[in-house]
Amino acid sequence: MNKKFLVGNWKSNKEVDDIYEWFKFIAEKFSHSGAIYAENKVLVICPSFVHLPLVKDLISKYKLPINVGAQDVSSFEQGAYTGAVTAGQIVQYAKYVLIGHSERRKYFHEDEETLKEKVKQAKTHALSVIYCVPDESALIPSEIEIVAYEPVWAIGTGRTDTPENANRTAQTIKTKSNAKYVIYGGSVNTTNIKHFLDQDAIDGVLPGGTSLDPIKFWEMMVNAS
Ligand code: PGA
């Protein structure tokens, strides 16, 4: 059986104390039955840039099979780009990076040209890109292996695409791009996760809100097994 991705996108949430609590809870659960539930999954947590080192340290302190992901990356190499965080900096802490999330496209006006440069930077520094698209018509750079299909109307609304339609979309994305994996995002929760993961063409999920609460994150892991 192929492994399924469970990628928690924390967005601009959490402060240091919350993060300690989150990992304490998850580590406690893992110490009892974590191996069983983690076995068939690729677990990724995407905190804010400023928390990447802390999350990396906590994962190694508790010896958890969780990967670190960043939520974005600079489209530039290192240099005079105030406020930008480069792929070379990120890769010291993270293995994955989200590129093209709909919130980046909408609030930060990221266009296809910028996204292409971001992908180039990420690839140059050996980050694994999770490339987010709102539908099957979006452009997907040829070097992308992991795509997140996230309908904009489903993000943070409590409304999801149907698992069957998400599956069809994932299939189309695989046909028209070089993506090996397509994951679904948009109001994934502890109950509906199973229906998405049951679909043939869906290789995982990208929950935002539900990943913030460690109890719910753990429940997703259990229900996805
Ligand atoms: P949501 O966010 O699960 O809170 O809808 C998903 C995402 O934006 O990645």
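When a residue number appears, it is its place in the shown sequence, counting from 1. For ligands, and for the atoms within them, numbers begin at 1 and follow the listed sequence.
One finds no salt bridge joining K3 and E39 here, because no Lys/Arg side-chain nitrogen approaches an Asp/Glu carboxylate oxygen to under 4.0 Å.
At a heavy-atom cutoff of 4.0 Å, ligand 1 is contacted by both the backbone and the side chain of I155.
At least one donor-acceptor pair under 3.5 Å links the side chain of R105 to the backbone N or O of G100. In this structure a side-chain-to-backbone donor-acceptor pair under 3.5 Å is present from T210 to V188.
Checked against a 3.5 angstrom limit, the closest N/O atoms of S187 and ligand 1 fall inside it. At least one N or O atom of G156, backbone or side chain, sits closer than 3.5 Å to an N or O atom of ligand 1.
Counting atoms of ligand 1 from 1 in the listed order, those under 4.0 Å from a heavy atom of H101 are 7 (C), 8 (O), 9 (O). For ligand 1 and G186, the ligand atoms under 4.0 Å from any heavy atom of the residue are 5 (O). Residue-ligand proximity, L206 to ligand 1, at heavy-atom distances under 4.0 Å covers atoms 6 (C), 9 (O). Taking every non-hydrogen atom of P207 and a distance limit under 4.0 Å, the qualifying atoms of ligand 1 come out as 3 (O). Residue A154 has at least one heavy-atom neighbour below 4.0 Å for each of these atoms of ligand 1: 5 (O). Close approach of ligand 1 to N9 (heavy-atom distance below 4.0 Å) involves ligand atoms 9 (O).
V55 pairs with exactly one of L58, L52, I59 by the side chain to side chain contact (heavy atoms under 4.5 Å, CB included) rule, that one being I59. Under the side chain to side chain donor-acceptor pair (under 3.5 Å) test applied with H125, the options Q92, E77, K120, Q89 reduce to a single match, E77.
Among all non-hydrogen protein atoms, the one lying nearest atom 7 (C) of ligand 1 is E150 OE2, 3.1 Å. Summary of contacts: the protein heavy atom closest to atom 1 (P) of ligand 1 is G208 N, 3.6 Å. For atom 4 (O) of ligand 1, the closest heavy atom belonging to the protein is G209 N, 2.9 Å. With respect to atom 2 (O) of ligand 1, the closest heavy atom belonging to the protein is K11 NZ, 3.2 Å.
Cluster membership check: V129 shares its hydrophobic cluster with I45, using side-chain heavy-atom separations under 4.5 Å among Ile, Leu, Val, Met, Phe, Trp and Tyr.
The heavy-atom pair separating I144 from I146 by the smallest distance is CG2-O, 3.4 Å.
Using cut-offs of 30° and 60° for the angle between ring planes, the F5 and Y96 rings count as perpendicular.
Between W218 and W22, the distance separating the two ring centers is not shorter than 6.0 angstrom.
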Go through the steps for K116 and S75 under the test side chain to side chain donor-acceptor pair (under 3.5 Å), then give the verdict. CA-CA 8 Å; K116 235 199 273 173; S75 54; over 6 Å; no
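Ligand 1 has no atom lying under 4.0 Å from any heavy atom of G185. A148 does not count as a contact of ligand 1, since none of its heavy atoms falls under 4.0 Å from the ligand. Put simply, no part of T210 is less than 4.0 Å from ligand 1, judged by heavy atoms.
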